[in-house]
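Remember, it's 1-based here, ligands and their atoms both numbered in the order they're listed.
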Amino acid sequence: MHTLPKLPYAFDALEPHLDARTLEVHHDKHHATYVAKLNEAVEKHSALRDKPVEELLRDLAAVPEDVRAAVKNHGGGHASHTLFWSIMAPQKGGEPAGGFALKMDETFGSFAAFKETFTKATLGIFGSGWAWLVVDKDGKMSILALPNQDNPLSAGFTPIMNCDAWEHAYYLKFQNRRPEYVEAWWNVVNWDAVNEHYRAAIRGLVK
Ligand code: MN
């Protein structure tokens, strides 16, 4: 059974940037529903029951057709949100450091250029979706904008950071003002956690 991970900080920990009420509904209602519906889908096929969600998403073609869309949407929702909670923390923001920052400079030119491109990707999503920082099978970093709960794992990438552009992520506090939400969100990005995801992705490649 897939389980809702505990939020690694209090609902109000990301105030004043992200509000407590939104975080509570987002985690306890939206994410919880993705987990419940993913469980409903995998219960129908014993072969799927013990597979981690990442494994299911990496090979959607192997998922029986009658539950494939449910696994893609709800499994994607579960994995997307688990990553999202992990790359935020109170009193963070700023810029990445060390080897990860150098890799970012090498890829995007500068942190400022990365931030601008990632912000544009988030703002450019029509309707619901996510912006992603991913690593490909050669270790190359790039930014993706994907609709709905489509996960980069299903396209052969390893996600290391994401920003939720669904209205449920910001509507209570920011209403239709997605640019203000994204601007506020940069203040809670935990670069240490993103760096950890990057290192894990790179380790996965050399295995
Ligand atoms: Mn969400």
Side-chain angles (χ1 to χ4, degrees), residues 2-42 52-54 56-58 60 69-90 92-93 115 118-134 143-155 157-190 193-194 197:
H2 300 275
T3 54
L4 180 67
K6 199 173 158 355
L7 201 64
Y9 31 79
F11 293 128
D12 64 359
L14 306 182
E15 295 265 12
H17 310 294
L18 302 189
D19 66 293
R21 181 70 184 133
T22 297
L23 213 60
E24 182 174 359
V25 174
H26 200 173
H27 178 270
D28 285 10
K29 305 293 182 197
H30 290 281
H31 190 172
T33 302
Y34 293 124
V35 173
K37 293 199 166 179
L38 173 62
N39 281 327
E40 240 173 68
V42 298
V53 65
E54 292 80 10
L56 293 169
L57 293 169
R58 260 189 221 110
L60 284 172
V71 168
K72 180 185 176 194
N73 292 333
H74 302 298
H78 176 30
S80 303
H81 287 90
T82 300
L83 178 67
F84 187 55
W85 310 135
S86 82
I87 58 99
M88 299 190 291
K92 292 292 181 181
K115 191 174 169 181
F118 192 92
T119 298
K120 272 190 188 152
T122 312
L123 300 184
I125 293 164
F126 181 75
S128 299
W130 295 74
W132 300 87
L133 179 62
V134 300
I143 293 168
L144 302 177
L146 298 177
N148 305 313
Q149 297 295 355
D150 291 8
N151 196 287
L153 288 168
S154 307
F157 297 99
T158 302
I160 58 174
M161 170 183 177
N162 58 359
C163 182
D164 194 340
W166 284 59
E167 278 189 344
H168 69 223
Y170 60 89
Y171 200 83
L172 292 179
K173 181 176 165 80
F174 298 99
Q175 290 81 51
N176 60 320
R177 304 185 305 277
R178 192 189 289 178
E180 284 179 35
Y181 152 69
V182 177
E183 199 182 322
W185 172 78
W186 285 111
N187 293 304
V188 296
V189 172
N190 181 357
V194 177
H197 291 309

| query | Can you check side chain to side chain contact (heavy atoms under 4.5 Å, CB included) on His31 and Trp85, steps first, answer last? | reply | CA-CA 10 Å; His31 190 172; Trp85 310 135; 2.9 Å; yes
| Does atom CD of Glu15 have more than 12 heavy-atom neighbours, drawn from other residues, nucleotides or ligands, at distances under 6.0 Å? | yes
| task | Please confirm if an N, O or S atom belonging to His26, backbone or side chain, lies less than 2.8 Å from the Mn ion (ligand 1). | result | yes
| Metal-centred angle, NE2 of His81 through the Mn ion (ligand 1) to NE2 of His168, rounded to 10 degrees | 130°
| task | Please work out whether the ring planes of Trp130 and Phe84 are parallel, tilted or perpendicular, with thresholds of 30° and 60°. | result | perpendicular
| request: Applying side chain to side chain contact (heavy atoms under 4.5 Å, CB included), run through His26 and His81 and close with a yes or a no. | output: CA-CA 9 Å; His26 200 173; His81 287 90; 3.0 Å; yes
| task | Report the name of the N/O/S atom of Asp164 located nearest to the Mn ion (ligand 1). | result | OD2
